[in-house]
Colleague: 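My questions all concern the structure below.
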Amino acid sequence: MGILEGLNPQQKRAVTAPPGAVLVLAGPGSGKTRVLTHRVAYLIRHREVAPWHIMAVTFTNKAAREMRDRVVELLGGSLDGLTIGTFHATCARILRREADRWYATADYVIYDRDDQEKVVKQALQRLNLDDAKFPPRMMVKLIGRAKNELITPQLYRAGAYVEEVAGRVYAEYQALMKKSNALDFDDLLMQLVLVLDAEPTVMKKYQRRYQHILVDEFQDTNTAQYALLKRLAAEHGNLFCVGDEDQSIYRFRGADWRNVRRFREDYPESETILLEQNYRSTQIILDAAQGVIRPNPHRTHKALFTERRAGARITVHEAYNEDEEAEFVVNTILRMIGASGRPQRAKPGDFAIMYRTNAQSRRIEEAFVRAGMSYRLVGATRFYARREVRDVIAYLRAVHNPDDLVSLLRIINVPPRGIGAKTVAALRDWAEQAGASLGAAIAGMAEGSTSGPGMPPPVAGRASRAVSRFADLLAGWVARSETTPVADLMDLILEESGYRDRLHDGSPEGEERWDNVLELRNVASEYPETTLSEFLEQVALVSEVDNLTEELTAPTLLTLHAAKGLEFPVVFIVGLEDGILPHRRSWDDPEQMAEERRLLYVGITRAMDRLYLLHCFRRSAWGDAELGRPSRFLDDLPPALIAGAGEHLDRRVGRRAHRDRLLPGLARPAQAERRAVLAPAGPSFETGQRVQHSVFGEGVVIESEPADGDEIITVAFEELGLKRLLASVAKLEAIGEG
DNA sequence: AACAAACGGCTTTTT
DNA sequence: GCCGTTTGTT
């Protein structure tokens with residue numbers, strides 16, 4: 001009976017609900033995922049369902065991994081055949097298995113948005129359309145939107161002129177994808193639905209296999225995903241969906257929280273269960289969150305409650321600008337970590353700083369660096385988006401799938417090997433005429449090859465020799481790719497292609513890039529058994545957020561989107577200004593504004609004990625400073641929940657007061673003052689003084705300059721070289737004369 | 001063909 | 001204020 005232990009009555013009811021359609025609408029921190037995992041365990045243990053017959057889908061790999069671990073923990077032992085994974089990974093695997101039913105082969109590659117744009121550019125070129133007039137980004141967006149709605153190029157109907165063009169580009173794009181043996185993210189879903197519809201035997205096969213389907217974060221499903229679920233569940237109707245309409249924040253990728261309503265219409269017999277008890281936050285934080293979300297229309301009201309005490313009130317703070325905002329965050333963290341004597345004092349890993357856009361992370365990072373404090377950044381300049389990483393992956397893809405045009409074009413002359421634009425164009429024409437892919441045509445030019453188009457290559461002399469050399473290289477890698485572990489194959493490619501020497505040019509940037517390449521190699525060497533195909537799939541479908549390590553030893557910086565599903569004792573949300581949150585791109589669309597509100601709701605409900613909401617008086621955008629207007633969402637916080645009431649009791653007044661301040665001649669009023677409060681005169685350091693820093697180790701003070709009532713010192717550390725630190729913040733200890 | 005310098009567009013959010 | 005692309009130079 002261990003499976004039902006420790007569950008509250010609502011949770012128990014959800015876990016043990018009879019098979020059939022079940023909708024669990026759950027508030028934040030209510031143990032949603034717990035209910036899902038216990039349900040899986042319950043089906044296996046008490047309903048005697050074979051693990052083989054269960055499919056549980058989520059949106060992130062992290063959630064999937066957690067779920068699997070917890071099911072294993074509940075039941076003990078391995079659960080062979082249990083399918084737990086993300087929508088995309090699950091679809092990718094089925095498509096690979098059924099590849100012969102459908103246009104691609106099992107070797108297909110997955111294109112991300114960057115690759116998609118390149119394909120669109122190709123398509124525009126072939127259609128003689130100007131890519132300045134029809135921005136590839138927009139085309140990608142329109143194509144993606146169509147795919148999320150299961151609209152094929154044949155079904156695509158235009159309303160506006162751009163869409164008419166988009167329709168043609170879409171058709172050409174799809175033809176190119178097919179030629180390249182490539183699928184984009186949206187294809188993974190749409191193509192699978194198309195296969196199921198076109199092949200009744202395949203449909204039957206998976207309907208029989210997956211007798212019970214469970215979905216987490218159901219509010220984030222798009223039309224294609226919902227269609228897939230409906231098809232798989234069509235025979236038995238065992239569809240168990242868990243979600244929270246108020247946490248739907250992925251509209252931009254087609255998510256439609258109205259699927260929750262559709263579900264109720266499609267399964268009128270379904271049972272709806274609410275989970276309203278929150279196990280995470282204080283009542284004050286919950287009340288604040290509800291204040292923010294309440295104005296949204298069409299919600300299923302949930303009365304969130306907790307058995308925790310009211311807790312500390314929320315701090316709303318106006319900083320002068322981004323730097324002061326960041327400093328407020330860092331200083332507050334340092335204060336809370338340093339506050340000795342308290343029963344439980346905060347640990348660095350207890351803190352999270354959340355923002356609307358990745359661009360906002362930089363100023364916060366800088367403040368942490370100034371303070372000599374380490375931090376953990378999620379996302380931002382994404383590892384897999386770095387040029388060198390993409391280059392190496394392109395090499396691997398080109399080896400794996402010779403038809404992958406985007407990858408081939410990326411590496412054909414990187415590092416420079418004498419195959420210029422003209423040569424490439426000639427080769428492409430040649431391949432086109434012979435009805436072969438560029439990769440196949442080039443392969444025909446390798447030494448001793450008998451394949452290739454039955455025509456002489458269109459290039460001669462130096463260019464011809466260069467292409468042949470490249471073809472030989474490729475052929476050599478392809479020959480070894482079947483039997484060589486991925487990491488070794490990478491070594492071979494890096495060496496023989498000259499890519500390693502190119503990065504290793506002695507410059508610090510080169511070193512950094514090389515480190516990134518090595519990191520990618522590490523990923524590969526961690527799983528020596530992984531095939532090239534599996535490795536490439538993993539690289540395409542696993543995001544960095546998924547790689548978040550569990551043990552937290554430093555404050556976490558992340559976007560509000562990335563924060564979903566996580567919790568932290570202390571949360572700072574920065575940049576709460578109109579134009580940022582809500583983002584200015586959302587102003588003209590009520591649906592989008594509702595989503596911005598949900599985004600803030602998600603952020604607030606990540607906090608367990610303490611919540612800080614920050615906004616700036618001035619914010620610089622692309623260089624010049626603008627005046628920030630406090631976010632309209634702040635108006636919806638019940639004033640009684642806000643600490644230091646005077647300043648922010650009535651936000652309307654606050655906003656009017658703010659407008660009154662928009663007068664000329666306004667010099668930085670609060671800055672010096674605030675520094676004085678936040679940074680009381682610290683110890684002062686002299687040149688030559690030896691110091692000890694908690695993170696950087698030992699060093700010698702090189703320079704000291706006063707700054708706004710504080711002191712900026714430059715220290716030469718033995719290990720790390722020169723660092724500039726703010727004396728009041730840096731936690732330096734003098735250790736005798738040097 | 002390879003590099004340096006100027007230019008322009010851009011910021012939501014992610015599988 | 002950054003990044004990638006285009007343009008000009010050798």
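Naming convention: chains lettered A, B, ... in sequence-line order (proteins, then strands); numbering from 1 in each chain.
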Colleague: Specify the separation, in whole Å, of atom CZ of Arg145(A) and atom C1' of dT15(B).
Modeller: 18 Å
Colleague: Please figure out whether Gly420(A) or Arg585(A) has its closest DNA chain B nucleotide nearer the 5' end.
Modeller: Gly420(A)
Colleague: Let me know the distance between CZ of Arg410(A) and P of dT5(C), rounded to the nearest Å.
Modeller: 9 Å
Colleague: Counting the atoms with a prime plus P, OP1 and OP2 as sugar-phosphate, which does Asn413(A) contact under 4.0 Å by heavy atoms, base, sugar-phosphate, or nothing?
Modeller: sugar-phosphate
Colleague: Nearest to the side chain of Thr86(A), heavy atoms from C-beta on, is which of dT15(B), dG1(C), dT5(C)?
Modeller: dT15(B)
Colleague: Taking the same atom, C1', in dT11(B) and in dT6(C), what whole-Å distance lies between them?
Modeller: 22 Å
Colleague: Testing the basics here: between Glu365(A) and Leu377(A), what is the closest heavy-atom pair and its distance to 0.1 Å?
Modeller: OE2-CD2, 3.7 Å
Colleague: Given dT15(B), is OP1 or OP2 found less than 4.0 Å from the side-chain N or O atoms of Asn61(A)?
Modeller: no
Colleague: Side chain of Ala359(A) only, please: which of dA1(B), dT11(B), dT13(B) is the nearest?
Modeller: dT11(B)
Colleague: For Leu183(A) and dT15(B), what is the distance between atoms CG and P respectively, to the nearest whole Å?
Modeller: 19 Å
Colleague: Over all strands shown, is Tyr250(A) touching base, sugar-phosphate only, or nothing at heavy-atom distances under 4.0 angstrom?
Modeller: sugar-phosphate
Colleague: Under 4.0 Å, heavy atoms only, any strand: does Arg598(A) hit a base, just the sugar-phosphate, or nothing?
Modeller: nothing
Colleague: Considering only side-chain heavy atoms of Arg113(A), which listed nucleotide, dT5(C), dC2(C), dT14(B), is closest?
Modeller: dT14(B)
Colleague: Using 30° and 60° as the class limits, which term best fits the ring planes of Tyr499(A) and Tyr395(A): parallel, tilted or perpendicular?
Modeller: perpendicular
Colleague: Contact class for Phe252(A) (heavy atom, under 4.0 Å): base, sugar-phosphate, or nothing?
Modeller: base
Colleague: When rounded to the nearest 0.5 angstrom, what distance separates CG in Asn321(A) from CZ in Arg619(A)?
Modeller: 9.0 Å
Colleague: The side chain of Ala562(A) is closest to which nucleotide in this list: dC3(B), dT14(B), dT15(B)?
Modeller: dT14(B)
Colleague: Nearest whole Å is fine: how far is dC10(B) C1' from Arg137(A) CZ?
Modeller: 8 Å
Colleague: For Ser586(A) and for Asp186(A), find the nucleotide of DNA chain B with the closest heavy atom, then tell me which residue's nucleotide is more 5'.
Modeller: Ser586(A)
Colleague: So, does Arg387(A) get its side chain near the phosphate of dC3(C), meaning an N or O under 4.0 Å from OP1 or OP2?
Modeller: no
Colleague: Can you tell me if the side-chain N/O atoms of Asn358(A) get under 4.0 Å from OP1 or OP2 in dT14(B)?
Modeller: yes
Colleague: Can you identify which nucleotide, out of dC2(C), dC3(B), dT15(B), has its nearest atom closest to the Arg502(A) side chain?
Modeller: dC3(B)
Colleague: Take atom CZ of Arg390(A) and atom C1' of dG4(C), then tell me their distance rounded to the nearest Å.
Modeller: 13 Å
Colleague: Could you tell me the separation between the CG atom of Asp184(A) and the CD atom of Gln191(A), rounded to the nearest 0.5 Å?
Modeller: 8.5 Å
Colleague: Applying a 4.0 Å non-hydrogen cut-off, can you work out what Arg363(A) is touching in the nucleic acid: base, sugar-phosphate, or nothing?
Modeller: nothing
Colleague: As a test of reading the structure: which of dA1(B), dT14(B), dT11(B) is closest to the side chain of His561(A), going by heavy atoms?
Modeller: dT14(B)
Colleague: Within a radius of less than 6.0 Å around CZ of Arg97(A), do more than 12 heavy atoms belonging to other residues, nucleotides or ligands occur?
Modeller: yes
Colleague: Could you state the atom-to-atom distance from CG of Leu599(A) to C1' of dT13(B) in whole Å?
Modeller: 7 Å
Colleague: Roughly, in whole Å, what's the span from CZ in Phe59(A) to C1' in dT15(B)?
Modeller: 9 Å
Colleague: When you measure from the side chain of Thr559(A), which nucleotide among dA2(B), dT14(B), dT11(B) comes out closest?
Modeller: dT14(B)
Colleague: Applying ring pair (Phe, Tyr, Trp, His ring centres under 6.0 Å), can you list everything that pairs with Tyr250(A), at least two apart in sequence or on another chain?
Modeller: Phe252(A), His561(A)
Colleague: Return the value, rounded to whole Å, for the distance between atom CD of Glu322(A) and atom P of dT11(B).
Modeller: 19 Å
Colleague: Taking only the side-chain heavy atoms of Thr60(A) (C-beta and beyond), determine which of dC2(C), dC3(B), dT15(B) contains the nearest atom.
Modeller: dT15(B)
Colleague: Nearest to the Pro416(A) side chain among dA2(B), dT15(B), dA1(B), which nucleotide is it?
Modeller: dA2(B)
Colleague: Classify the ring geometry between Phe59(A) and Phe87(A) as parallel (under 30°), tilted (30 to 60°) or perpendicular (over 60°).
Modeller: tilted
